[in-house]
Amino acid sequence: MQLSAKFLSRPKSLDTLFPWILAMLAVGYVALHWSNPLAELLGDGHTYLNFAPFRTAGYPVFLDLVEVAFGSVNAVPKIQLVIAATAFAFLGWSLYRAFRSTLFALSPVVVLMLHPQVSYWHSHIMTESIFISLLCGLVGFIIVTAHHPTWRWTAAAALACGLAIMVRPAGISLLIIWPFLLWFLWRRCDGKRIALAAAVIVPIAFCLIAETLIWHGYHESESRPSLADRHLFAKAMLIESAPVLSDPELARLVALGRGMAAPARVMIANAPNSYARTNLLYRFEARAQYWDEFYPEIDAVAGQRGTNRYEVFAQVGRPTMLRAPLAWIGNALTHYLGIWPRAFVTPVAYEELQAYLENADPNPLEPSGFSRSADPVSPMQRTSSRLMALGLTLSTLAMGLAMWQRLRRKDVDVRLAIAAVCCLAIHAHLLTTGLFGIIATRYAVAMAPLLGVCGVLLASWVIEQVRGLAARRFPALAAPSAGGGGSE
């Protein structure tokens, strides 16, 4: 116990040395990945470069700024890399500033820097790298705010939250954290609550208004399409419940589409295991969003109504989900809970899926012939999924502990409060993605900063509890406290 306490505590000289340690780690991270290839385009990359109408303004504006400053978007990977390294270092600094533990401050920083999928995204024209960096800033500012509530730190955290929403629409799920953060820290915020609430509302409102003005200024259109409507249309084709629409033309369109998608629904319903069900739902739902064979029917209806394809998606998807709420929730939970079977898929489950595909009839959703091979899970994806599944389980424990402390009308330990807020953000983000889209591995990886902070703070709290219990039972082995940063 004495050795543990000595290891976890920090000498005063580290107050000066630690920022330099973080700076060296950041420089090393940039140097390691500096030779990454030029900006790479994946399937969605061009929609950000060309600022497609269904994209939010945050990332296209970032790309434009880089191009203006450096003459080419080929500088994006290096800019994203430097921003990420700075964000990781800031996250470590905020943890150290609040809790004075070198081990727990460095742990999430090192994990983020060693995470292969996190570094993979820096060289791509996609939102992942910037979104992860903004989450590091968000949780870093929240850590400092929770320890010393001031309107300045709160406003900085809210600004990071608003920018994250501008970059990725699913970031809107992060708004759930603010009332809970204030609730957990209610007594610590005495006399500052109105100022802190204003410090949250103003920056986020500014970002949302700015994003709307930028979008309309660029597209000069009153009608704004949404990718969520495309996703909801795909879900309408694949949920078990047949939608009942009052509009006869839309009802005919949905009946035709669901008839073509019937083999896909049958395959999903009869999947041999949970991994196969999740895999097939993801595959067919992604395919149904870009259903070229069915688009002529959609465009014909859109033409008759003097509108566009996305308006038809909205007119079908939104009422369908609202009139079949249980099917909608079931669809979202299948995506969300699929993280666990994907993380711990066994060779037997994979072989069952492969055999199921080989014996299936061709599906009309596949235009060039039904793919009879199961998508292999790479070691990187498996590791990421396992870390995510473990982190989600542990974060739920932290949330429960914080709620238990607060409901007992006690001050919540600061570490548990922050871990609980991270847990809320993670689950809300994934459930929102499941409700209005599909949960790809990369969406889960974006939660890595929140998972890392939640994990180290929960571990810090548990170690302190174990140490306190040992001190009470074995006074001779008691060691000085490591300055865990409790509720004070």
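Quantities reported herein were computed from a predicted structural model and do not represent experimental measurements.
Nearest heavy atoms, Ala398 versus Ala419: CB-CB, 3.7 Å. Nearest heavy-atom pair across Leu134 and Ala160 is O-CB, 4.0 Å. Nearest heavy-atom pair, Arg265 versus Glu240, reported as atom, atom and distance to 0.1 Å: O-OE2, 3.8 Å.
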Checklist entry - Can you list the steps and then say if Phe436 with Trp328 is a ring-ring contact (aromatic ring centres under 6.0 Å, His included)? => result CA-CA 9 Å; Phe436 298 99; Trp328 187 13; 5.6 Å; yes
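Residue Leu49 holds its CG atom at 9.0 Å from CG of Asp64, rounded to the nearest 0.5 Å.
Aromatic rings of Phe88 and Trp93 (six-membered ring for Trp) have centroids beyond the 6.0 Å cut-off, not under it. Ring to ring, Phe131 and His429 are close: their centroids are under 6.0 angstrom apart. In this structure, the ring of Phe51 has its center less than 6.0 angstrom from the ring center of His219.
Using a 3.5 Å distance cut-off with no hydrogens or angles, the side chains of His427 and Thr396 do pair a donor with an acceptor. Side-chain contact, Glu358 with Gln354: a donor N or O sits under 3.5 Å from an acceptor N or O. For the residue pair His231 / Glu285, no side-chain donor-acceptor distance below 3.5 Å is found, with atom types taken as modelled.
Each of Leu163, Val167, Ile83, Thr127 was evaluated against Phe62; a single residue qualifies, Ile83, per the side-chain contact (heavy atoms from CB on, under 4.5 Å) test.
For the pair Arg309 and Tyr295, the distance from NZ or CZ to the six-membered ring centre is under 6.0 Å and the angle to the ring normal is within 45 degrees.
Classification of the His122-Tyr29 ring pair by plane angle, with boundaries at 30° and 60°, yields perpendicular.
When side chains are defined from C-beta on, Pro108 counts as touching Leu95, because their heavy atoms get closer than 4.5 Å.
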